[in-house]
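Take a look at the structure set out below.
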Amino acid sequence: MGIIHELTPQGGTYQDTFVGLLAEESLPRKRVPQGSSDPREVRKLVSNELLLDGNAGQNLATFCTTYDDEDVRYLMDLAINKNMIDKDEYPQSAEIENRCVHMLADLWHAPHAGATIGCSTEGSSEACMLAGLALKWQWRKGRLAQGKSTDRPNLVCGPVQICWDKFARYFDVELRQVPLTGDGLGMGPEDLAKYCDENTICVVATLGVTFTGIYEPVRELAAALDDLQGRTGLDIPIHVDAASGGFIAPFLQPDLEWDFRVPRVKSINASGHKYGLAPLGVAWVVWRDTSDLPEELIFRVDYLGGDMPTFALNFSRPAGQIISQYYLLLRHGRDGYREIHEACAKSAHYIADQLPRVGPFELLYDGQGALPAVCYRINDDSVPFTLYDLSDHLRMRGWQVPSYPLPANRQDTIIQRILIRHGMSRDMTGLFVADLEAGVKTLTGGPRPSRPGFHHN
Ligand SMILES: *Cc1c(COP(=O)(O)O)cnc(C)c1O
């Protein structure tokens, strides 16, 4: 008979992923199966399960890249078997990493950008650990030289990302967090000196505070430390955690002095996989000068007869993200990065404009002057829903928007934060605002608004 008959053998072993043997039982969860299986079937079933993950393109909660182009995929594929740590086996990947370091040192105005030192890392968390360790070592050297104790190092910061809590605990450093006061969303210069003393290894300023997207005022913080030095002789360095802002400020706020233009800034980290636009798995840390990274922390690897310094917590690491970062810096150039981030900032401004119209919202950050982000709270106690309810509602349409309390001492303020990144079109932004408005209407018990595309005749 026909071909369908031939493909359907008698005996009921019809060949289809969702009818076949593998699909009739649950996939193994706790034990590696004894036998092998058809790779395409397994692939289909595994990718099927991933449908339950959120849709990365609608994830307005993450700082990380969710957009990629064909060329990045091509380079990632090309590099899939290259190990970043094997500098002698993959010398061109190592060379490309170095080029990125010097390009970023230049972008961040290092005085000798072509000669300074830095490296790629798995993410900003690792970059912050390395920067923190360098500062701890430098502080200890200074203390030992003066014959003073080195057992109680501390680090002063505002509302930092969790990686600094980790750094403090893993490497035995006291974390002194300056609490938020009044309407403040970050650490300011006012009280800074009160938290610093002879055991302060550094002040960490954040460019793009995780909670709100604002920048801490690096130049003003440095001035407060200059003043402290004038009064007490204490010379406290600054590290800038520019995980997100390091790839925004040079393009959107080029005149803002947050980087090595401020002499007190000794090191900077930024996540390539955030606004650097690279795929997940790369960040950067750059020191102002080679002398700011203590020699004892550098491991020297023989490199084709030359000398390749390495400083890292990881050993093996993929090279593709670094190669993609280089591609992206070349492909977009400064103008391209500026235009991409300007488009994101425009969308953030649009949302900020619409928020007071669509609901009882008060803006805490309107997307102007720092990251392409918006952050707001409910400004009316009589509203019959919380931001957590609104997050749930947005999730029904696939949008991921987090709600959470501000850090100490403003834990009573619950906020919602939206990050706009490359890949969020103007149309998608409009659809998001429509969904936000619909969510507010439903939660306040109003009539359910009809969505574009749904026509009830
Ligand atoms: C995201 C972030 C980090 C951690 O960066 P990863 O690249 O995710 O490891 C550290 N600090 C700040 C300010 C961040 O925004």
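First listed ligand is number 1; within each ligand, the first listed atom is number 1.
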Basic-acidic side-chain contact under 4.0 Å: Glu342, Arg338:
yes

Which is it for Glu122 and ligand 1 at heavy atoms under 4.0 Å: side chain, backbone, both or neither?
neither

Pair Asp197 + Arg176, salt bridge at N-O below 4.0 Å:
yes

Does Trp137 have Arg140 sitting over its ring (NZ/CZ under 6.0 Å from centre, angle to axis within 45°)?
yes

Got a salt bridge between Asp165 and Arg169, using NZ or NE/NH1/NH2 to carboxylate O under 4.0 Å?
no

cation_pi(Arg377, Phe361) dist<6.0 Å, angle<=45:
no

Which protein non-hydrogen atom lies closest to atom 6 (P) of ligand 1, naming both residue and atom, and how far is it?
Ser124 N, 3.3 Å

Regarding ligand 1, does Ser125 bring an N or O atom to under 3.5 Å of one of the ligand's N or O atoms?
yes

Nearest protein heavy atom with distance in Å, relative to atom 14 (C) of ligand 1
Lys274 NZ, 2.9 Å

With a 4.0 Å cut-off on heavy atoms, is Cys163 touching ligand 1?
yes

Quiz question: by atom type and distance under 3.5 Å, do the side chains of Arg317 and Ser120 form a donor-acceptor pair?
yes

Between His273, Lys166, Gln161, which one has a non-hydrogen atom sitting closest to atom 3 (C) of ligand 1?
Gln161

Just to confirm my output: which protein heavy-atom neighbour is closest to atom 13 (C) of ligand 1, and how far is it?
Asp241 OD2, 3.3 Å

